[in-house]
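Structure, as structure tokens:
In what follows, chains are A, B, ... by sequence order, proteins preceding strands, each numbered from 1.
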There are 2 protein chains.
Amino acid sequence: MRNMGGKDPPGQRKRATIAHVARQARVSNQTVSRVVNNNPSVAPQTRLRVQRAIARLEYRPNALARSLVRHRSHTLGVVASGLEYYGPSGTLVGIERQATALGYSIQLNLLNRPQLADVDHVLNSLLSRQVDGIIWAVPEIGSNRSWLGRKTLNPPVPIVLLSMHPADHLQVVSVDNRAGGRLATGHLLAQGYRRIGLITGPLDWWEARERRLGWEDSLRAAGLEANEVQVFEGDWSSLSGEAGFSQLARMFPEMDALFAQNDQMALGVLQAVLRQGRRVPDDLGVVGFDDIPESAFFWPPLTTVRQEIHELGGMAVKQVVSAIEATRSEAKPAMAGIHWLTPRLVVRQSSLRNPVALATGG
Amino acid sequence: MRNMGGKDPPGQRKRATIAHVARQARVSNQTVSRVVNNNPSVAPQTRLRVQRAIARLEYRPNALARSLVRHRSHTLGVVASGLEYYGPSGTLVGIERQATALGYSIQLNLLNRPQLADVDHVLNSLLSRQVDGIIWAVPEIGSNRSWLGRKTLNPPVPIVLLSMHPADHLQVVSVDNRAGGRLATGHLLAQGYRRIGLITGPLDWWEARERRLGWEDSLRAAGLEANEVQVFEGDWSSLSGEAGFSQLARMFPEMDALFAQNDQMALGVLQAVLRQGRRVPDDLGVVGFDDIPESAFFWPPLTTVRQEIHELGGMAVKQVVSAIEATRSEAKPAMAGIHWLTPRLVVRQSSLRNPVALATGG
DNA sequence: CTGAAAGCGCTTACAG
DNA sequence: CTGAAAGCGCTTACAG
């Protein structure tokens with residue numbers, strides 16, 4: 001049933017197209033297009049007429065049509081997971097901010113089960129929507145990155161990967177987790193702790209393995225042992241931090257300090273210690289990882305390793321955009337390689353055996 | 001410079017179009033389209049030929065072109081802010097999940113300064129990309145919702161708003177914050193506390209005002225006073241929670257319990273109390289709001305008001321999608337109105353004067 | 001069951 | 001400075 005010259009359906013105003021504007025301003029479509037795209041070669045009066053028509057009709061260019069003909073959507077596909085955690089959501093914020101700054105929109109896909117991602121489905125969905133590039137902000141877990149090795153992959157747009165083991169021909173941006181592990185452990189050693197336990201994230205996570213390597217590095221460099229008995233494998237949750245402390249206190253009773261691979265697990269440790277009537281940092285030094293906003297208000301305030309998570313996301317956007325530009329301008333293909341971000345230590349009371357060293361706690 | 005029958009540029013494979021598939025399968029474009037769209041009226045052998053061509057060429061339909069002709073993008077514009085907080089990021093997760101389930105993609109826009117949003121810019125960006133509907137998941141702060149009253153607004157697509165004061169002709173989904181305030185305060189009263197202080201969020205936030213009203217409701221219903229001197233206006237941060245406790249302890253020394261309008265501020269309170277050598281819940285009962293995952297591991301574990309944040313997001317998607325369908329099918333315009341989600345109390349030790357009542361703590 | 005043709009709303013050489 | 005026309009990759013009555 002047609003709209004017989006009557007009123008528009010309620011609430012739905014038909015959108016003005018370039019043709020409507022052209023008719024109203026008595027110019028060609030192309031001239032309207034010129035005005036919209038700030039092409040200088042339009043006579044002042046013509047330009048004015050067009051601008052008025054645009055305003056009157058509330059004309060809004062259809063970005064879909066433009067993308068279709070320009071083969072460029074100015075949209076980035078972002079695949080992420082674990083937004084309930086501080087790190088991933090902060091990374092996403094960094095991504096969005098930088099993308100907006102560079103004139104790109106974000107098409108967001110979240111993965112519920114990052115360990116067994118249906119990669120093809122997600123990739124196809126993004127590519128069919130003609131994203132110009134993809135940021136894969138899903139942690140490397142088990143073999144969930146194996147698709148990158150597929151011979152048939154050959155993605156038609158640049159992909160930047162966050163937080164994974166460096167590999168040839170891939171563009172990766174990552175926090176240097178191993179250096180972070182060294183920071184945490186080295187600090188505890190410097191405070192005089194010697195029997196340092198470790199609560200890891202799930203060890204099928206690359207980041208957890210890296211942080212453990214950093215812990216080992218520091219202990220070995222100090223001539224100390226780094227044995228299985230000192231390690232508990234958690235799952236990033238506070239509950240597992242609590243369980244980890246209990247087990248380590250049993251299996252490794254001489255423990256005088258503990259490095260938990262994220263702040264949530266460190267929080268679980270703090271609570272378990274308090275409950276036992278022992279004291280942090282006197283009886284046990286504790287260091288976390290992430291520097292979530294709450295950490296400064298734990299009891300005692302938590303020493304932790306801070307990742308510049310916004311910068312991580314921003315860097316990923318810069319990388320993918322420069323790869324896009326390079327591809328479009330027929331320049332040499334974007335350089336692969338890894339871009340490391342260095343974490344830093346934030347010292348608070350949970351690790352300060354001698355309180356002298358306290359800088360600004362945050 | 002043309003590609004003179006040589007190799008494709010490195011890394012960039014030209015994308016197959018429907019025409020390529022049609023040629024290879026020796027059928028018309030329309031038949032390819034029929035196969036892609038699961039139109040049953042295609043002969044089995046033809047279908048097979050087409051499917052093979054699709055596979056060989058790795059044909060992937062261009063969603064932009066499809067959207068252009070169908071006037072339907074199957075994309076939702078989502079405007080959010082404050083992803084560093086648990087609530088907003090959880091809401092976004094809920095939105096994404098439900099959208100995916102209903103076959104919609106997410107175009108994400110984040111606002112840095114939600115109090116002074118450049119609404120037109122964001123709206124135009126979304127609309128020019130032809131989103132089918134918009135979810136406005138930005139808290140109502142000050143007058144940052146005034147644009148909804150603009151006579152010229154008349155948005156061409158349905159908008160659903162999260163967490164704002166109900167208003168005619170608007171579709172709103174919100175947690176019942178006032179009921180949440182009553183839950184928290186009523187619980188403290190039931191535990192025998194009588195002098196209940198309040199630390200609010202910024203009072204230009206609608207949610208903060210609502211939670212305060214709930215606190216007042218409960219106190220008045222119990223015949224108690226709810227005065228200015230019992231109230232401290234925080235900014236959602238733990239630091240302000242700390243400051244709030246200090247001030248209230250001074251101005252309102254008879255205080256025996258405290259309701260903090262989010263868990264971060266409650267955490268600040270817990271720390272300040274501990275530092276003073278006073279005890280929770282014996283000297284001071286404390287209740288928070290949100291139930292962030294860490295709350296169960298605070299010291300003592302925090303009683304709080306839980307919002308089903310995923311459901312909030314999911315509900316918003318359902319609302320906007322049903323409004324979209326209604327508009328498209330020329331059905332009556334989508335019903336305005338508000339959809340309330342009821343929060344619930346999670347009881348932990350921070351408010352348990354008589355520990356008998358402890359259910360499962362979390 | 002199948003296809004030729006028009007059209008979605010833009011952009012872009014090309015010609016004037 | 002300006003416009004007629006072709007084309008981006010799809011879909012969809014319509015006719016056969």
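- With hydrogens and angles left out, the side-chain atoms of A/S329 and A/E325 include no donor and acceptor closer than 3.5 Å.
- Stem regions annotated for DNA chain D: C:1-3 with D:14-16, C:5-12 with D:5-12, C:14-16 with D:1-3, counting only runs of 3 or more consecutive pairs of Watson-Crick or G-U type with both contacts under 3.5 Å.
- We find the CD-CD1 distance between A/Q319 and A/I159 to be 14.0 Å, quoted to the nearest 0.5 Å.
- Separation of atoms CG (A/L108) and CD1 (A/I135) is listed at 11.0 Å; rounding is to 0.5 Å.
- There is no side-chain donor-acceptor pair under 3.5 Å between A/T75 and A/R129.
- A/Q98 and A/G314 get closest at one heavy-atom pair: CG-O, 3.5 Å.
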Would you give a per-nucleotide map of nucleotides 6-16 of chain D, 5' to 3', where B means the base has a protein non-hydrogen atom under 4.0 Å away, S means only the sugar-phosphate does, and - means neither?
-BBBSSBB---
Can you check side chain to side chain contact (heavy atoms under 4.5 Å, CB included) on A/Y104 and A/I95, steps first, answer last?
CA-CA 10 Å; A/Y104 282 79; A/I95 289 173; over 6 Å; no
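- Nucleic acid contact for A/T46: sugar-phosphate only, since backbone atoms but no base atoms lie under 4.0 Å from a heavy atom of the residue.
- Between the side chain of B/N37 and the main chain of B/S33, a donor-acceptor pair closer than 3.5 Å is present.
- A donor-acceptor pair is defined here as one N or O able to donate and one able to accept, closer than 3.5 Å; no such pair exists between the side chain of B/T46 and the backbone of B/V42.
- Heavy atoms of A/T31 sit under 4.0 angstrom from primed sugar atoms or phosphate atoms, though from no base atom.
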